[in-house]
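Structure first, then comments.
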Amino acid sequence: MPLIRFSLLLLASIALPLGAQRVAPTAPNVAPMIAGIDAASARYADVARRIWELAEVGYQEEKSSALLQSELRAAGFTVKSGVAGEPTAFVAEYGSGKPVVAILGEYDALPGLSQDSVPVRRPLKAGGAGHGCGHHLFGTGSVAAAIALKRWMQTGGTKGTLRMIGTPAEEGGSGKVFMVRDGVFDDVDAVIAWHPGSGNSVMGESSFANISGKFRFHGQSAHASASPERGRSALDAVESMDVMTNLLREHVPEGTRIHYVITKGGSAPNVVPDDAEVYYYVRHGDMAVVKDVWRRVEDAAKGAAIGTGTTYDVQLIGSVYAFLPNETLARVQQRALEAVGGFELSASERDFAERLQRSEGFSAVPLEATARVHPLTIGRSSPASTDVGDVSWVVPAVQVYTATWVPGTVAHTWQATAAGGTSIGVKGMLVAAKSMAITGATLFSSPSIVAAARAELDAKRGASFRYETVLGDRKPPLDYRVGSVP
Ligand SMILES: [Zn+2]
Ligand SMILES: [Zn+2]
């Protein structure tokens with residue numbers, strides 16, 4: 001079906017059902033490239049499902065990363081694994097010279113979101129990890145786009161370098177931040193990424209910057225009843241800190257987000273806990289605000305330690321910039337997404353979707369959303385964070401969302417994990433792969449667009465901009481998820 005659509009749209013734009021206006025892509029011979037993705041769809045569905053089942057968390061994605069690398073090697077890419085001190089990161093490359101266009105792929109899962117591909121809550125493994133952010137589709141769809149684009153380059157004798165960059169630990173591990181800091185993107189001219197979602201749109205808006213870290217308090221254990229005066233409770237310190245930061249919420253700039261989980265709180269009520277830990281995030285659209293609020297959260301930790309007679313240390317885990325939208329690339333990606341279009345749900349997918357939409361906490365929107373493409377909107381700020389943010393400050397970058405989830409789904413829910421394991425996830429993933437492949441072909445065909453995107457980035461960040469991360473010269477926190485998944 002998509003092949004037929006493409007044959008037609010190369011002749012002229014045509015009006016299709018649901019009022020979607022197809023537009024012609026701006027690169028030559030994209031129809032065979034799109035057909036190639038469709039022809040391999042069963043294979044990519046299998047790869048995505050395997051990564052979904054593996055559900056490996058940040059910096060522990062050994063098998064998921066190896067699987068994606070093997071697909072790229074088999075397709076003729078040269079693959080370098082383990083970059084920027086991250087064993088599960090990789091760079092796959094084809095071609096030579098300029099421009100250098102990179103496609104990003106993620107593959108880490110989230111703790112606690114294990115879920116079968118059914119429309120009721122049913123973990124595959126109690127307390128286990130799951131792909132509640134759809135990164136199994138993210139990595140696989142990007143590999144599909146890269147392989148299709150490589151074949152298009154080969155067929156047309158296109159000059160330039162194509163890279164598929166495997167980026168671990170997006171969920172809190174700031175995987176890309178260390179890669180940016182260590183120069184992985186230094187010679188890259190444009191970056192294309194996507195993200196699973198519940199609709200089809202191009203990210204024209206910014207995101208939130210953040211800082212995250214773990215506060216560990218150290219006290220003195222004692223019998224909680226026989227000799228409590230000898231004890232100094234590390235859990236008291238965590239609770240005191242949390243009370244202070246919860247009061248802080250009233251006195252921070254509008255739009256600030258502060259969240260935490262207590263990752264260690266003692267093991268038995270009759271033992272005064274001498275060891276407790278709380279894991280914090282601070283977010284805002286402006287990194288200057290994030291830095292200031294983080295300093296005040298650290299002050300709360302200091303006060304809590306003094307008041308409870310404990311000591312503490314803090315381990316900075318992650319920090320990302322707000323995403324810097326590149327309007328030049330966003331318009332190219334929007335055109336590609338409109339050319340590909342959305343998709344219809346089959347009868348069984350519709351049944352699954354309707355049942356999922358009836359689950360608790362769901363805010364249902366019409367299922368026809370999977371077939372629509374949202375118009376491009378520039379400038380709003382989304383309260384989520386992504387480490388693509390850091391990439392977007394050193395290379396012009398674009399990110400597209402596609403409907404891999406049931407319309408109305410929010411990320412980081414069991415409902416997202418469930419739909420991501422079905423054919424709905426695969427259909428959305430293929431829309432993303434095709435859109436990114438067309439965008440890549442357009443960039444390789446149009447040096448003036450690549451130059452305009454760079455000029456836009458230079459103008460937006462200003463001549464005095466120098467990239468630096470609050471993570472400084474720290475090594476990637478490879479163990480930040482150790483112990484978080486049973
Ligand atoms: Zn994500
Ligand atoms: Zn996420």
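Note that the coordinates shown come from a computational prediction; the quantities given were computed from them, not determined experimentally. Computed over heavy atoms, backbone and side chain alike; hydrogens, waters and symmetry mates excluded. In listed order, ligands and their atoms are each counted from 1. Numbers here are sequence positions counted from 1.
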Is [X] salt-bridged to [Y], going by a charged N under 4.0 Å from an acidic O?
X	Y	value
Lys176	Glu106	yes
Arg43	Glu71	yes
Arg372	Glu368	no

Among all residues two or more places apart in sequence or in another chain, which pass the ring-ring contact (aromatic ring centres under 6.0 Å, His included) test with Tyr59?
Tyr480

Run through the protein N/O/S atoms less than 2.8 Å from the Zn ion (ligand 1) and write them out by chain and number.
Cys133 SG, His135 NE2, His195 NE2

Under 3.5 Å, is there a donor on one side chain and an acceptor on the other for Ser382 and Glu205?
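No donor-acceptor contact under 3.5 Å links the two side chains.
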
Would you kindly check if the NZ (Lys) or CZ (Arg) of Lys150 is within the cone defined by 45 degrees around the ring axis of Tyr94 and under 6.0 Å from the six-membered ring centre?
yes

Atom nearest to the Zn ion (ligand 2) - His412, N, O or S atoms considered:
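Nearest to the Zn ion (ligand 2) within His412's N, O and S set: NE2.
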
